[in-house]
Structures are given as C-alpha cells and as structure tokens.
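Here the structure is laid out as structure tokens; the discussion comes afterwards.
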Amino acid sequence: MPAFWLIKSEPDVFSYADLTQAGREPWNGVRNYQARNFLRQMQEGDLCLFYHSNARPPGLAGVARVVRAAYPDDLQFDPASEYHDPRSGPENPRWSMVDVAPVLALPRLLPLDELRDLPAWQDSPLTRKGTRLSVFPVTGEQVREALAAVGVALPPAGGSSPA
DNA sequence: GCCAACGTTGGC
DNA sequence: GCCAACGTTGGC
C-alpha cells in the first residue's frame, strides 16, 4: 500500500512540466530536517502531489511517483553547489534525496484557494498558516478530493488497490 | 541551554 | 516587494 506525499517546487526553478520533460529527477536540495525525515520514509511506488509554490497562483500541478527511495543528496558534497553543506561528508551524509518520475499532469492547475475549500484539506501543513514545510504526508482522502476537483481519478500506476 | 539575530519560505 | 512565520545559528 503506497503512501501519499506532497512535494513543493517553485515552477520558475523546476516545474511539473520540467519533470515531464526530464522523465525522472533526483529530488535534491531539501535542507530542512523535518522534510528530510519524510523523504527518508518514502518508499518506491509512493505517490507525490506536485505543488507549485511561489507561483501565481500556487497550486497542485501533477502527480509524481517515487522511483528510488532515499539516498544521500550529492549536492551536499559539492562545494560549488548552493546546497553544499561543509558539515557533511560522504561518511556522514546529513541530507537525503529520492528520485521521482511523472505520473499524471492535472488537466488544470488546482489552486491553493480551491484546496482550502476541500473538506479533507482543512488540516494540512499546506493550508495551516505559517507552515513552510516542503515535504509532508497527505492522506488518501486528500489525494482523492484533489484529483476529483479537477476531474481525474487515482492513477493505477501507484498500485492503489480496491479496498 | 537560552535566546536574539538572522535567513528563508511563500502567500499576498 | 512586503512581511509574517518559523528554523537555524552562535554568543554567552
């Protein structure tokens, strides 16, 4: 039974369309412990709602799938990277990443404003004021409601099974 | 271990 | 571009 997550990205930096084009992408650069801990819980096959933050409007753009579970984020070792962490070394990697692949582009962006109106989204790090967490779990009901709002169903690619 | 200063996130 | 909220850093 796959779990469900939400991952944020600024579309100016990396959009869902970019993921579609890339086919697969390491989800690197996460430098927050709570988000990292969620990354480490991800399993291959888990589905991720792909959220566009710092966008107009912000909202859900697509669904992605975890295609590789957590492994060390290579950018932390790269002095030239803005994500370099001098406290981290190959023997004591501090930061993790997963690989994700596109599953489904939503037929239209589902804006944050509409998400706020959905019953299952009343209590979420996304809609809670002041929360900036960029990776967190969502419920199956949240996924179902969000997809229903744009007229699509849970993609079978995630391995969702009937009850 | 406290806490002020600072940096970042992200909606507006 | 503004700014509220929050995480991290570092002096003590």
Side-chain angles (χ1 to χ4, degrees), chain A residues 3-22 25-42 46-66 70-139 141-150 152:
Chain A
F4 303 106
W5 308 90
L6 185 146
I7 56 179
K8 293 183 185 175
S9 183
E10 302 191 17
D12 288 349
V13 178
F14 192 81
S15 68
Y16 189 80
D18 292 330
L19 178 64
T20 301
Q21 185 155 23
E25 187 74 9
W27 205 254
N28 53 25
V30 171
R31 294 294 179 271
N32 168 281
Y33 288 106
Q34 202 180 350
R36 178 203 70 181
N37 293 341
F38 285 136
L39 281 180
R40 288 180 176 177
Q41 293 174 36
M42 289 183 180
D46 286 359
L47 292 180
C48 302
L49 299 178
F50 194 112
Y51 179 82
H52 282 175
S53 62
N54 253 318
R56 288 155 56 158
L60 291 181
V63 179
R65 189 163 50 92
V66 176
Y71 62 109
D73 180 340
D74 48 7
L75 296 183
Q76 70 193 306
F77 310 128
D78 178 3
S81 169
E82 62 174 314
Y83 296 112
H84 178 235
D85 188 339
R87 303 162 299 184
S88 200
E91 261 121 69
N92 59 331
R94 181 176 302 229
W95 305 109
S96 299
M97 62 184 178
V98 298
D99 288 355
V100 296
V103 170
L104 169 74
L106 299 192
R108 67 179 174 92
L109 185 98
L110 179 59
L112 177 59
D113 278 352
E114 284 186 49
L115 274 169
R116 290 190 201 281
D117 290 337
L118 299 178
W121 286 86
Q122 295 309 303
D123 185 35
S124 161
L126 192 70
T127 51
R128 211 176 299 140
K129 186 179 170 192
T131 307
R132 302 172 311 184
L133 195 57
S134 64
V135 177
F136 53 87
V138 296
T139 66
E141 185 61 12
Q142 287 172 332
V143 174
R144 195 194 62 75
E145 283 187 3
L147 296 185
V150 293
V152 292

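Letters A, B, ... are given to chains in the order of the sequence lines, protein chains preceding strands, and every chain is numbered from 1.
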Would you mind classifying the nucleic acid contact of A/R128 as base, sugar-phosphate or nothing, using non-hydrogen atoms under 4.0 angstrom? nothing
For A/R116, which contact category applies under a 4.0 Å heavy-atom criterion: base, sugar-phosphate, or nothing? sugar-phosphate
Look at the aromatic rings of A/F50 and A/F14 and report parallel, tilted or perpendicular, splitting at 30° and 60°. tilted
Between A/N54 and A/R87, who's closer to the 5' end of DNA chain C by nearest nucleotide? A/N54
Separation of [N] [atom2] from [X] [atom1] (nearest whole Å):
| X | N | atom1 | atom2 | value |
| --- | --- | --- | --- | --- |
| A/R36 | C/dT8 | CZ | C1' | 14 Å |
| A/L126 | B/dC12 | CG | P | 10 Å |
| A/L133 | C/dT8 | CG | C1' | 15 Å |
| A/L115 | B/dG11 | CG | C1' | 14 Å |
| A/H52 | B/dC12 | NE2 | P | 17 Å |
| A/F136 | B/dT9 | CZ | C1' | 13 Å |
| A/R31 | C/dT9 | CZ | C1' | 17 Å |
| A/Y33 | C/dT8 | OH | C1' | 9 Å |

Kindly point out which of B/dG11, C/dT9, C/dG7 is positioned nearest to the side chain of A/N32? C/dG7
Does anything in residues 94-125 of chain A form a ring-ring contact (aromatic ring centres under 6.0 Å, His included)? List the pairs, not counting sequence neighbours. A/Y33-A/W95
What nitrogen or oxygen pairs link the protein and nucleotides 2-6 of chain C at under 3.5 Å?
| residue | atom | partner | partner atom | Å |
| --- | --- | --- | --- | --- |
| C/dA5 | OP1 | A/K129 | NZ | 2.9 |
| C/dA5 | N3 | A/R132 | NH1 | 3.4 |
| C/dC6 | O2 | A/R132 | NH1 | 2.8 |
| C/dC6 | O2 | A/R132 | NH2 | 2.9 |

Side chain proximity check, A/L112 to A/P57, heavy atoms < 4.5 angstrom: no
Side chain to side chain contact (heavy atoms under 4.5 Å, CB included) partners for A/P137, two or more places apart: A/W5, A/F38
Pairs under 3.5 angstrom only: tabulate donor-acceptor contacts from the side chains of residues 102-109 of chain A to other protein residues two or more places apart or in another chain.
| residue | atom | partner | partner atom | Å |
| --- | --- | --- | --- | --- |
| A/R108 | NH1 | A/E114 | OE2 | 3.0 |
| A/R108 | NH2 | A/E114 | OE1 | 3.0 |
| A/R108 | NH2 | A/A149 | O | 3.2 |

Please list all pairs meeting salt bridge (charged side-chain N to carboxylate O under 4.0 Å, His left out) that have one or both residues in residues 25-40 of chain A, counting only residues at least two apart or in different chains. A/R31-A/D73
Short side-chain N/O contact to B/dG10 OP1/OP2 from A/K8, under 4.0 Å: yes
Would you mind listing every side-chain hydrogen bond (donor to acceptor under 3.5 Å, both in side chains) that reaches into residues 49-58 of chain A, with sequence neighbours excluded? A/E10-A/N54
